[in-house]
Amino acid sequence: MNNDAVVTRHLGIRGRVQGVGYRWSMVQAAKRLGVRGWVRNRRDGSVEALAAGEAAAVDALIRWAHQGPDGARVEAVDVSDAATHGVPEGFEQRETA
């Protein structure tokens, strides 16, 4: 597999992931890794994210998502393929959906 390939993944993160700085921390991790996309809280208490970039960098962000910041307790991270169109240039924190 070519790790330089650009991939886009949708993440659904469940557990104690709101009110612990999860979104802010994910933005910092994504910027450090050079991953584009967004993250937002969901009204059901989960966090949703879209991550696009080189496969190795996106995989590293997914690994980060399984831990999250101090204070988070991640129970599950559901990952699926997503379309690349409409991905922002940077990595942004969006309004709750």
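All heavy atoms count here, side chains included; hydrogens, waters and symmetry mates do not. Residue numbers run from 1 in the order of the sequence given.
- Under the 4.5 Å side-chain criterion, counting only non-hydrogen atoms from C-beta, V74 is not in contact with Q67.
- Between R14 and D78 there is a salt bridge, with a side-chain nitrogen of the basic residue lying less than 4.0 Å from a carboxylate oxygen of the acidic one.
- Without hydrogens or angle criteria, E54 side chain to A5 main chain gives no donor-acceptor distance under 3.5 Å.
- Looking at R94 and P88, their side chains come closer than 4.5 Å, going by heavy atoms from C-beta outward.
- Nearest approach of P69 to S25, heavy atoms of both residues: CB-OG, 3.3 Å.
- Here E92 contributes atom CD and K31 contributes atom NZ; the two are 9.5 Å apart, rounded to the nearest 0.5 Å.
- Distance check: S80 OG to L11 CG gives 8.0 Å after rounding to the nearest 0.5 Å.
- Residues L33 and L50 do not share a hydrophobic cluster, clusters being chains of Ile/Leu/Val/Met/Phe/Trp/Tyr side chains in contact below 4.5 Å.
- Side-chain contact check for L61 versus R9: every heavy-atom pair is 4.5 Å or farther apart.
- Using a 4.0 Å cut-off between charged side-chain N and carboxylate O, E95 and R40 make no salt bridge.
- Atom CG of D70 sits in a sparse spot, with 12 or fewer heavy atoms from other residues, nucleotides or ligands closer than 6.0 Å.
- Paired with V87 under the rule side chain to side chain contact (heavy atoms under 4.5 Å, CB included), one option of T8, V6, V35 passes, and it is T8.
- Residues in residues 16-73 take part in these ring-ring contact (aromatic ring centres under 6.0 Å, His included) pairs, two or more places apart or across chains: Y22-W64.
- Annotation: side chain of E48 is in contact with side chain of H10 (closest heavy-atom distance under 4.5 Å).
- Follow the hydrophobic side-chain contacts under 4.5 Å out from V27 and you reach V58 in the same cluster.
- Taking CD of Q18 as the reference point, atom CD1 of I13 lies at 10.5 Å (rounded to 0.5 Å).
- Hydrophobic clustering (side-chain heavy atoms under 4.5 Å, transitive across Ile, Leu, Val, Met, Phe, Trp, Tyr) groups F91 together with V77.
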